[in-house]
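Shown next, in structure tokens, is the structure this report addresses.
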Amino acid sequence: MTDQHQPQLQPENGAPELFTWEFASDPYPAYAWLREHAPVHRTRLPSGVEAWLVTRYADAKLALADPRLSKNPAHHDEPAHAKGRTGIPGERKAELMSHLLNIDPPDHTRLRRLVSKAFTPRRVAEFAPRVQELTDGLIDRFADSGSADLIHDFAFPLPIHAICDLLGVPREDQDDFRDWAGMMIRHQGGPRGGVARSVKKMRGYLADLIHRKREALPAEPAPGEDLISGLIRASDHGEHLTENEAAAMAFILLFAGFETTVNLIGNGAYALLTHPGQRERLQTSLAAGGRGLLETGVEELLRYDGPVELATWRFATEALTLGGRHVSAGDPVLVVLAAADRDPERFADPDALDLARRDNQHLGYGHGIHYCLGAPLARLEGQTALATLLTRLPDLELAADPAELRWRGGLIMRGLRTLPVRFTPPPK
């Protein structure tokens, strides 16, 4: 995001101003204008990189699955990646490029197949009791106080401890991961050096942990074996992940799965607190023992104000036409999921929050071969977190004017910095 004291990017051809702090608070009017007037729009990002923004649902879905739009930054026509202006800060220096967000078939096909053998829906389902335990433990810490910051006290620690447990990071090391993850979030949209240092530390730790686990790996998996051990063990026709590949995959599962879930819980809670009728419907359903509205509700929260505002970087490998615009080979393309998921051509009354919405093929987890591998885990954590909050703290309410809340800077993710709430402490 551009700082309010720095020169702002100038709008072109009547387009609204993008990437200001005001835009971050509510980007949806600007996205509505772009969908109508410039659905594939070339703009200069705050980093200085020029890219195409794709805002209509139909165009977005095509772009997400188009093999001519590569995930590999080597196809960028400028040396921007080498300068650290695209991708995850520090990933190249930390030898973390060989993960699913940066590669294309056939390498992507091989890696995803191997990772899918370890990161299975069954493994996620078996992890549900631990997610519930973590959720209750965090609420226990602040329940008696009658107030909390739902980001700092709840939405942030829950997914970091959950993914660490799932990966097999020892409990005594998880505070380090929380510090590194916090550095990544705090510095998004600002100096990238702090993020790069945290990436390097996390990469070094994961490489060492994977090496130690590989050395001690038993011949047969034990019940409840951690995900890193599963990644080491995964094989397909004699192929295994290298230690570098396993470290990159563990990193991206943590990096991509952590912040998205922080924002899913934070944005979801905020949407429920500012839509009391919808929140009451969900609480009534939960009190009656129902899960259906919770499940459709979390999908609607992903569509309405999801955690990922723009899909990660894509680069045209050849000249192509997208939404009637000519995209040159090497051009970066960013699919705006937040805009596509409010497209009135696809969703009835798209600016309304409807937890019971059934026809909801949102793009919050992407589409095509890069569809989010961690979607089942994010759904589990989002459903568990929001259901437990509303059940244990039934009179939860926002403790700040919505206009006073600040959204974190950054290009890809969308999330609140803080979410102060108050409630009646439960009886002892």
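We number each residue from 1, following the sequence as shown. Quick caveat, the model's predicted, so the values are computed rather than measured.
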Do other residues, nucleotides or ligands put more than 12 heavy atoms under 6.0 Å from the CD atom of Glu345? no
side-chain hydrogen bond (donor to acceptor under 3.5 Å, both in side chains) partners of Arg291, counting only residues at least two apart: Gln383
Any donor-acceptor pair under 3.5 Å linking the side chain of Glu300 with the backbone of Asp354? yes
Among all residues two or more places apart in sequence or in another chain, which pass the side-chain hydrogen bond (donor to acceptor under 3.5 Å, both in side chains) test with Glu36? none
Tell me, do Val333 and Val327 make a side-chain contact under 4.5 Å, heavy atoms counted? yes
For Asp66 and Arg314: C-alpha separation, side-chain torsions, deciding distance, then whether salt bridge (Lys or Arg N to Asp or Glu O under 4.0 Å) applies. CA-CA 10 Å; Asp66 193 328; Arg314 282 167 167 78; over 6 Å; no
Given the rule in the ring pair (Phe, Tyr, Trp, His ring centres under 6.0 Å) test, do His161 and Phe156 qualify, once you have shown the distances and angles that lead to the verdict? CA-CA 9 Å; His161 287 301; Phe156 179 86; 8.8 Å; no
Ion pair check, Asp305 and Arg414, cut-off under 4.0 Å: yes
Closest approach of Ala387 and Leu294, non-hydrogen atoms and distance? CB-CD2, 3.8 Å
Under the rule for side-chain contact (heavy atoms from CB on, under 4.5 Å), what residues qualify as partners of Ser116, not counting sequence neighbours? Arg112, Leu373
I want to check something: taking the side chain as every heavy atom from C-beta on, are Val49 and Pro332 in contact at a cut-off of under 4.5 Å? yes
Is any side-chain heavy atom of Asn267 closer than 4.5 Å to a side-chain heavy atom of Trp407? yes
Is any side-chain heavy atom of Leu405 less than 4.5 Å from a side-chain heavy atom of Pro420? yes
List the atom of Pro426, the atom of Ala143, and the distance in Å for their closest heavy-atom pair. CD-O, 3.5 Å
With sequence neighbours left out, what residues match Trp180 under ring pair (Phe, Tyr, Trp, His ring centres under 6.0 Å)? Phe177
Got a sec, which residues hit ring pair (Phe, Tyr, Trp, His ring centres under 6.0 Å) with Tyr31, two or more places apart in sequence or on another chain? Phe23
Side chain Arg56, main chain Arg35, donor-acceptor under 3.5 Å: yes
What are the two closest non-hydrogen atoms of Val262 and Arg408, and how far apart are they? CG1-NH2, 4.3 Å
Pairing residues for His152 by the ring pair (Phe, Tyr, Trp, His ring centres under 6.0 Å) criterion, not counting sequence neighbours: none
Scan side-chain atoms only and decide if Thr388 and Gln132 contain a donor-acceptor pair under the 3.5 Å cut-off. yes
My understanding is that only one of Leu206, Leu166, Leu167 makes a side-chain contact (heavy atoms from CB on, under 4.5 Å) with Leu254; could you say which? Leu167
CG on Leu416 to OG on Ser25, rounded to 0.5 Å: 9.0 Å
Look at Asp165 together with Arg171 and state whether they make a salt bridge at an N to O cut-off of under 4.0 Å. yes
Are Pro170 and Leu209 close enough that some pair of their side-chain heavy atoms sits under 4.5 Å apart? yes
Do Glu397 and Val421 make a side-chain contact, defined as non-hydrogen atoms from C-beta onward lying under 4.5 Å apart? no
Go through Leu282 and Leu272 one step at a time and tell me if the side chain to side chain contact (heavy atoms under 4.5 Å, CB included) criterion holds. CA-CA 9 Å; Leu282 181 53; Leu272 292 171; 4.2 Å; yes
When you check the gap from the basic side-chain N to the acidic O, do Glu225 and Lys213 get nearer than 4.0 Å? no
Side chain of Thr109, backbone of Pro105: donor and acceptor closer than 3.5 Å? no
Keeping the roles fixed (side chain from Thr120, backbone from Arg123), state whether a donor-acceptor pair exists under 3.5 Å. yes
Heavy-atom closest pair (Leu386 atom, Ile265 atom, distance to 0.1 Å) is CD2-O, 3.9 Å
Over all heavy atoms of both residues, which pair between Leu419 and Asp149 is shortest? Give the atoms and the distance, please. N-OD1, 2.9 Å
Would one find more than 12 heavy atoms of other residues, nucleotides or ligands at under 6.0 Å from atom CD of Glu280? no
Could you walk me through whether Leu62 and Leu64 pass the side chain to side chain contact (heavy atoms under 4.5 Å, CB included) test, one step at a time? CA-CA 6 Å; Leu62 287 172; Leu64 290 171; over 6 Å; no
Are Ile139 and Leu389 close enough that some pair of their side-chain heavy atoms sits under 4.5 Å apart? yes
Please determine whether side chain to side chain contact (heavy atoms under 4.5 Å, CB included) holds for the pair Met413 and Val308, giving the CA-CA distance in whole Å, both sets of side-chain angles, and the decisive distance to 0.1 Å. CA-CA 5 Å; Met413 303 290 186; Val308 183; 4.1 Å; yes
Considering only heavy atoms from C-beta outward, does the side chain of Phe127 approach that of Arg122 to under 4.5 Å? no
Hey, is CZ on Arg130 packed in by over 12 heavy atoms from elsewhere, all under 6.0 Å? yes
Under 4.0 Å between a side-chain nitrogen and a carboxylate oxygen: does that hold for Asp331 and Arg325? no
Non-neighbouring partners of Gln283 that pass side-chain contact (heavy atoms from CB on, under 4.5 Å), sequence neighbours left out: Arg279, Leu390, Pro394
Please identify each residue that fulfils side-chain hydrogen bond (donor to acceptor under 3.5 Å, both in side chains) with Tyr205, with sequence neighbours left out. Asp173
Charged N to carboxylate O below 4.0 Å: is that the case for Arg392 and Asp136? yes
Residue pairs meeting ring pair (Phe, Tyr, Trp, His ring centres under 6.0 Å), one or both in residues 333-368, sequence neighbours left out, come to Tyr57-Phe347
Please list all pairs passing the salt bridge (charged side-chain N to carboxylate O under 4.0 Å, His left out) test where one or both residues lie in residues 368-381, with sequence neighbours left out. Glu299-Arg379
Considering residues at least two apart in sequence or located in another chain, which fulfil the side-chain contact (heavy atoms from CB on, under 4.5 Å) criterion with Glu404? Ala400, Asp401
Any donor-acceptor pair under 3.5 Å linking the side chain of Thr55 with the backbone of Val336? no
Given side chain to side chain contact (heavy atoms under 4.5 Å, CB included), test Ile252 with Met249 step by step and report yes or no. CA-CA 5 Å; Ile252 205 62; Met249 287 310 311; 3.9 Å; yes
Identify, with sequence neighbours excluded, every residue that meets side-chain hydrogen bond (donor to acceptor under 3.5 Å, both in side chains) alongside Asp175. none
Pair Thr260-Asn263, side-chain hydrogen bond (donor to acceptor under 3.5 Å, both in side chains): steps then yes or no: CA-CA 5 Å; Thr260 52; Asn263 295 345; over 6 Å; no
Kindly determine whether Asp343 and Arg303 satisfy salt bridge (Lys or Arg N to Asp or Glu O under 4.0 Å), including the steps that lead there. CA-CA 10 Å; Asp343 188 342; Arg303 182 202 69 81; over 6 Å; no
Shortest non-hydrogen pair, Leu158 vs Val131, comes out as CD1-O, 4.2 Å
